[in-house]
Amino acid sequence: PVASIQAVSELMSVTSTSSKEKQQLQIIHDKANQINQLISDLFHASLEELQELKVTPTLHQSQEIYQIIKNSDYQNMTHIQSIPECLISYDAIRLQQVFDNLLSNSYKYEASQIDISFEFKKNHFVIFISDNGLGIKKDELPLLFEKFYRGSNSQKKSGSGLGLYISHYFMKQMHGDMKAVESMHGLFSFIITFSIIIKKLLRIEQRQIRIFYDRVNMSIDRKEYIR
């Protein structure tokens, strides 16, 4: 969210013709920088307590992810393909934070259109996220989720090297995964994976989903899924 405030204030400053407005926008940008630094210091101080962050996956229809993506898309540059229907489990607040991080990073470093597609792979619901920027070096891909790691393209860009590390942790806690892989033309994509609870989902109400969940006594912690 802080990166979004910075990006929007920069964009408004470029398009503004009022010197007073530009000055006010610069104040907003500077204050956002200060907040970002305070947050970074807080993360550094409490990183060992990361496991104390609550992650509570609940059942959702896959189409709900569309709004989560749009909530993070402050530059309105995502191209979201059709989302196949299924029932998956995730923590909506934590998944929002994951997409906030991925999209804000893309806009900060590449500022290009972001393509987001979906597919089923065996028993998994997979999301592919890629932009059209210059990307990063292939040998840096395995390091992206390391604590405090920042890529060679991050010079002169603010950041703590914790966003992807925390996002990866959240996905693991939701019994999913996140990877960075090389894609076409030397670019790279992020892949987010969820385990499918029900494939070929019929249109049913959330209350009916809860009843179904209770009846089959499904334990997400033990990963006892049905397809």
Side-chain angles (χ1 to χ4, degrees), residues 1-47 53 64-81 92-117 127 129-137 140 143-168 170 178 180 183 185-190 192:
V2 176
S4 302
I5 293 171
Q6 289 177 300
V8 172
S9 64
E10 287 176 1
L11 180 61
M12 291 178 66
S13 181
V14 170
T15 57
S16 175
T17 57
S18 167
S19 59
K20 182 178 180 181
E21 191 175 82
K22 283 180 176 289
Q23 184 178 11
Q24 292 171 332
L25 289 167
Q26 185 60 47
I27 292 172
I28 292 172
H29 185 270
D30 292 344
K31 291 299 181 183
N33 264 333
Q34 292 178 19
I35 293 171
N36 194 52
Q37 185 58 53
L38 288 171
I39 293 172
S40 178
D41 291 344
L42 179 62
F43 272 133
H44 280 73
S46 60
L47 197 57
L53 291 176
E64 295 175 32
I65 290 179
Y66 177 87
Q67 191 56 52
I68 290 177
I69 295 172
K70 295 307 293 183
N71 289 344
S72 301
D73 185 18
Y74 57 85
Q75 290 197 20
N76 197 30
M77 291 175 64
T78 56
H79 177 254
I80 305 172
Q81 296 187 17
I93 293 176
R94 299 310 184 192
L95 187 60
Q96 185 70 70
Q97 292 174 315
V98 170
F99 275 102
D100 283 349
N101 181 263
L102 290 176
L103 269 60
S104 65
N105 276 355
S106 180
Y107 287 145
K108 178 165 63 172
Y109 297 117
E110 305 297 351
S112 69
Q113 177 177 296
I114 301 172
D115 297 311
I116 302 178
S117 60
I127 307 175
I129 305 167
S130 59
D131 57 37
N132 297 290
L134 297 176
I136 65 172
K137 297 177 181 177
E140 291 185 280
L143 305 174
L144 286 181
F145 303 112
E146 294 293 325
K147 192 188 307 181
F148 304 124
Y149 181 79
R150 303 194 69 207
S152 57
N153 65 340
S154 63
Q155 296 178 2
K156 299 182 180 179
K157 300 287 186 179
S158 62
S160 62
L162 290 173
L164 290 177
Y165 171 76
I166 294 173
S167 295
H168 184 261
F170 284 157
M178 178 189 293
S183 57
H185 311 302
L187 304 178
F188 77 100
S189 301
F190 284 104
I192 295 177

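The residues of the chain are indexed from 1 along the displayed sequence. Note: hydrogens, waters and symmetry copies are ignored here, and every other heavy atom, side chains too, is used. Given the structure is predicted, the values throughout are model-derived calculations rather than measurements.
- Shown here are the salt bridge (charged side-chain N to carboxylate O under 4.0 Å, His left out) partners of K22, two or more places apart in sequence or in another chain: there are none.
- Expressed to the nearest 0.5 Å, how far OG of S9 lies from CD of Q24 amounts to 12.5 Å.
- Proximity of a side-chain donor or acceptor of T78 to a complementary backbone N or O of I80 within less than 3.5 Å is not detected.
- Counting heavy atoms from C-beta on, the side chains of N105 and L164 come closer than 4.5 Å.
- Between M77 atom CE and S112 atom OG the span is 6.0 Å, to the nearest 0.5 Å.
- Taking CZ of F190 as the start and CG of N101 as the end, the distance is 8.0 Å to the nearest 0.5 Å.
- Between atom CD1 of residue I114 and atom CD of residue Q75 there is a gap of 8.0 Å, rounded to the nearest 0.5 Å.
- Taking a 6.0 Å sphere around CD of Q23, one finds it holds 12 or fewer heavy atoms contributed by other residues, nucleotides or ligands.
- The CD1 atom of I129 sits 7.0 Å away from the CE atom of M178 when rounded to the nearest 0.5 Å.
- If you take CG on D73 and OH on Y66, they are separated by 9.0 Å, rounding to the nearest 0.5 Å.
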Legend entry - Candidate pair D131 and Y107, rule side-chain hydrogen bond (donor to acceptor under 3.5 Å, both in side chains), full reasoning: CA-CA 9 Å; D131 57 37; Y107 287 145; over 6 Å; no

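- The side chain to side chain donor-acceptor pair (under 3.5 Å) search around Q96 returns N71, S72, D100, not counting sequence neighbours.
- Within the 4.5 Å cutoff, no side-chain heavy atoms of Y74 are placed close to those of L103.
- Applying the ring pair (Phe, Tyr, Trp, His ring centres under 6.0 Å) criterion to F99, with sequence neighbours excluded, gives no partner residue.
- At a threshold of 4.5 Å between non-hydrogen side-chain atoms, the residues H168 and V98 do not count as touching.
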